[in-house]
Structure formats: structure tokens, C-alpha cells
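Structure, as C-alpha cells:
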Amino acid sequence: MKEISCSTITEAVAQLAIKACCKLPHDVYAAMEARVKTEPSPVGQDILRQLVQNADIAAQESVPICQDTGLAVIFADVGQDVHITGGDFTQAINAGVAKGYVEGYLRKSSVCEPLFKRTNTGDNTPAVLHVRIVPGENIHLRLAPKGAGSENKSVLKMLVPADGLEGVKKTVLDAVVTAGPNACPPMVVGVGLGGNMELACILAKRAAARDLNSVNPDPAYAELEQDLLQMINKTGIGPQGLGGITTALAVHIEWAPTHIASLPCAVNINCHAARHADVVL
Amino acid sequence: MSESQVKHITAPFDISTATSLRAGDSVRISGVILAARDAAHKRLCECLDAGQALPIDLTGHVVYYVGPSPAKPGQAIGSAGPTTSGRMDAYTPRLLACGLRGMIGKGYRSQAVVEAMQKFKVPYMAAVGGAGALIARSIKKYTVLAWPELGPEALALMEVEDFPAICVIDALGNNQYEVGQAPYKTL
Ligand code: SF4
């Protein structure tokens, strides 16, 4: 049985936070660079060019791509043959978030309680942690900082089977149109289909945090990803909502088996700052 | 975008500058602007409710909706892109009535805000959301003016030089989100 210490986890999370916030994944960078050439709107082109330049500055100076360095969403796939030593796993993750956000000059955007006090926790903890136990003896961590501009535009619709494909398309399209410039397009749209209420939302989040160029392994869903992308890029919203054909860079769908009476459909919109960083321990 | 199409303005500004901006104009702002977002807006309105003086006379000022990331040693400010303006909508008409003369943020505004903008002759400009590292280069100084305990949400003054923005809703109510999107809508 492999042993992984809490201090190793903390250190890894701290580094992931800084990397994820300051260095745009290459595929997102390349996609924006490519869209400069295909975007017909001059304003849209100019914005895409500025976003590429912004990513360059952030990487060179190790400063955040966007000042909203989000809540730290962490997907942890923990191998069942791993023995975590020297402390509490969740505390180790949060200690890493605190270290990364404080030492990396990232913004602390977490408040301790949602309604009455809303006091800033001061170190961006707690993380939003999604853990899965998987075979093997590694821990895979993906940290995906998520800002509120796009997160606030998330939607959950408990569709029913009769709503079918059209219901799904309408839900996704409505979410994107309502989000418009508020979600900092060009966006990456994550869609979670099936499961139940909470599972659909987690699937949408996983979808939004997938690698940009990844495709659903099921050909029918892969085709739907493309159909939805084309549809979204015909809304006219464009970069920053000022008009154009580059409203989304990608649509990702994740799905799960569901109840005979249900068709949950969750949409989690990610902005062009579609940030994430990974490590395997 | 060629420089010739860009309007250079100095903030704070008067009504004639406010009304010279048209939806779609590319703008570069130099001078001093205010930085405030949700929590500072709430406090400004609480001051008004209590009949207290505001920490600063808003007349002629432009407010930038921003909550920057912390400055690294040697930097004036961290990343400093715009936040979603719509969250400020509930407070905005009251502040416009106090003389606030311009706003910079990102995203749609409510009908009530657009009406108040027309009444008080105030333009709304957008900065590129998520371009915080790039925008920070035009911010030369960041000074907290009130409520430092709010951290990135404190009310602050910013000295800016050629701060890049686009006028999206002008003082006449023309809306570049609508005008700009229409030609590319093929759905
Ligand atoms: S929506 Fe994304 S890019 Fe825009 S301000 Fe929020 S985190 Fe930054």
C-alpha cells in the first residue's frame, strides 16, 4: 500500500492553485488564438486578441489571468490502495488552498456563511471538494478555480422524458442567452444530463472543467456537443457579448443513467478563463 | 482597432464629456476613477439611508466595478478586470442621483438603471471581462478610501492611464450589446 502524506497533498494543492490561476491551459489559449482569424466582428477579434495578450502577461509575470480566482473546486480521485498519513485529508486540501491563495497573491473570494454575516474567510477556504474512490495507488487532483460571473449563470432544469432532445437544447440555449456578456464569453459550456438533481449538477461541473478539446466518448453525445456549439455560436452574442460568432469555444456533456420519469439537465457555464491544473501523486 | 477611432477622455468628467460618448465607441480613460463593488455599494447606500455624508463626493466620478487580486511586491495592483455590473443595479439609480457620472463593468443593466442613466446623462462602459492582467497595466495607483476591512471590496481610488473600455450604453440609451449582436444572430 502506497503512503502519501498530508504535507505532500498540501504542497501539491498550493502549487496547483497558483498554476491554475496564472497559466491558461494551452488548449484554451490556442483556441482563442485560432478564433481571432475566424471571428468576423472587428470588435470581437480585438477582444480575442486582448485575451491572448492577457494570458501572455499572466503567464510571464505569474499574476492571475482574471482577478476572480474563484472558489477552489477540487476533483480528487483517490486510489483505494493509497494510505493517507499524517493528518486529515480534507484539512490537508484546505491548508493547500490557503497556502496557494495567500502566497500566490490570489484573491480571497470565500465568505464564511451565505446569508447573515458574509465575512471573508481570508484565505479562500474552504475548497469545494469532490472525492471519488478509484482503483489504484495514486491520487489524481484537478483544481479548477471558478469565478462567480459565470457560476451565477448556472441552471438546473428537472426536465421530463417527453421534453427530450428539444428540451435539452432549449435549456442550454436559454442559459447561454441569459448569461450573455455577464459570463465573459467566449464560454465553455458544461452540460450534465441524467442522474438526479445533485448528480446532474456535479456532471455539469465536471463537463465544464474537462480539457477543452476533449470529446464525449459516446458518438451520439459527441454529435450533440457539436450541434449545441454551432447553435450557441449562432446567437450573435460573441466575445464579451459585443457581437460575433465566437460565443463558446466548446460544449461538453457528461451523462449518467437516470430515473424512468426524469431527465435532469444542468448547465454550468465556464468563462474563457477556463482554468484548471492537474497533478498525480 | 485603429487609434483614430479611440476617444481619449479624462476622469472625473463633466456632462458634456458624458454625453459625447456613443455606444460602440472605444474609450481610453486617464485620471482618477473610483473602485467599488457589491459590499461598498451596499455601504454607500446605507450612508445615504442614515443621512450621513459619503466618504467622497461622487459628482463627476466614474466608478469601476472591480475587486482586484492583491498586488505583488512592486506592483500597484494585482489583476483588476471588471465584475458583473448587474449586481450593482439595485444601488445604481441612487448613486447616479448623487452625481455619479460614469460606470465601468461588464454585462447587462436593468431597465431601471438605463432609465436613470438617461435622466442623469451617464454612460456605461465595459472593460474586457477576464483581462485582469492586461487591464492592471493601465492602473498606476490604488488607494483605499474607505472600509479597508472589506478587502478586495473596499472603496478605493485608482489613478489610471489609458484605461481601455468600450461605451456599451450611452446617455441616450443606445445599447451596443443589442446593436453589436444583431448582425451575427443567425438562429
Ligand atoms: S466570469 Fe470568468 S473571466 Fe469573467 S470575471 Fe468571472 S472568473 Fe473572470
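What you are looking at is a predicted structure, and each value in this text was computed from that prediction instead of being measured.
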Mind checking the CD-CD1 spacing from A:Gln50 to B:Ile135? Nearest 0.5 Å is all I need.
-> 7.5 Å
Residues B:Pro70 and A:Lys108: closest non-hydrogen pair is CG-NZ, 3.7 Å
For the candidates A:Pro185, A:Cys271, A:Gly180, A:Gly244, which exhibits the highest count of non-hydrogen atom pairs separated by less than 4.5 Å from chain B?
-> A:Gly244
Can you establish whether the number of heavy atoms outside B:Lys140 located under 6.0 Å from its atom NZ is more than 12?
-> yes
With a 4.5 angstrom heavy-atom cut-off, which part of A:Ile237 approaches chain B: side chain, backbone, both or neither?
-> both
Please indicate whether B:Lys72 has more than 12 foreign heavy atoms, meaning atoms of other residues, nucleotides or ligands, lying under 6.0 Å from its NZ.
-> yes
What part of A:Ser109 is in contact with chain B, defined as an atom under 4.5 angstrom from a non-hydrogen atom: side chain, backbone, both or neither?
-> neither
How close do A:Val63 and B:Ala133 get, heavy atom to heavy atom, and via which atoms?
-> CG2-CB, 3.9 Å
B:Ala127 portion near chain A, given a 4.5 angstrom heavy-atom threshold | backbone
Heavy-atom neighbours of A:Glu223 CD exceed 12 at 6.0 Å | no
With a cut-off of 6.0 Å (strictly less than), are more than 12 heavy atoms of other residues, nucleotides or ligands near NZ of A:Lys157?
-> no
Heavy-atom closest contact (A:Gly149 atom, B:Thr84 atom, distance) | CA-OG1, 3.8 Å
Nearest 0.5 Å please: distance from the CG atom of A:Asn182 over to the OG atom of B:Ser85.
-> 7.5 Å
Per-residue tally against chain B (heavy atom, under 4.5 Å) across A:Gly147, A:Pro64, A:Ala148, A:Cys184 peaks at A:Pro64
Can you say whether A:Ala273 sits under 4.5 Å from chain B via the side chain, the backbone, both, or neither, judging by heavy atoms?
-> neither
Count the heavy-atom pairs under 4.5 Å between each of B:Lys106, B:Glu149, B:Glu153, B:Gln176 and chain A, then report the option with the highest count.
-> B:Lys106
Are B:Arg137 and A:Glu61 close enough for a salt bridge, meaning some N to O gap below 4.0 Å?
-> yes
Check whether B:Ala80 gets within reach of chain A through its side chain, its backbone, both or neither, counting any heavy atom under 4.5 Å.
-> backbone
d(B:Leu134 CG, A:Arg49 CZ) to nearest 0.5 Å is 13.0 Å
Option in B:Ala39, B:Pro73, B:Ala136 with maximal non-hydrogen atom pairs under 4.5 Å from chain A = B:Pro73
Portion of B:Pro183 that has a non-hydrogen atom of chain A nearer than 4.5 angstrom | neither
Could you have a look at A:Ala58, A:Cys21, A:Ala179, A:Ser62 and say which one has the most heavy-atom pairs with chain B under 4.5 angstrom?
-> A:Ser62
Rounded to the nearest 0.5 Å, what separation is found between the CG atom of A:Leu242 and the OH atom of B:Tyr184?
-> 11.0 Å
Where B:Lys185 and A:Thr235 come nearest, the two heavy atoms and their spacing = CG-O, 3.5 Å
Return the option, out of B:Gly130, B:Pro68, B:Gly78, with the maximum number of heavy-atom pairs under 4.5 Å with chain A.
-> B:Gly130
Does a side-chain heavy-atom distance below 4.5 Å link B:Ser69 with A:Tyr105?
-> no
For A:Thr119, is it the side chain, the backbone, both, or neither that has a heavy atom closer than 4.5 Å to a heavy atom of chain B?
-> neither
Rounded to the nearest 0.5 angstrom, the CD1-CD distance for B:Ile166 and A:Gln240 is 8.0 Å
Residue pair B:Pro152 / A:Arg107: nearest heavy atoms and the distance that separates them | CB-CD, 3.8 Å
Contact class of B:Val179 relative to chain A, heavy atoms under 4.5 angstrom | neither
Under 4.5 Å between any side-chain heavy atoms of B:Val128 and A:Asn54, yes or no?
-> no
What distance separates B:Gln181 CD from A:Thr247 OG1, expressed to the nearest 0.5 Å?
-> 7.5 Å
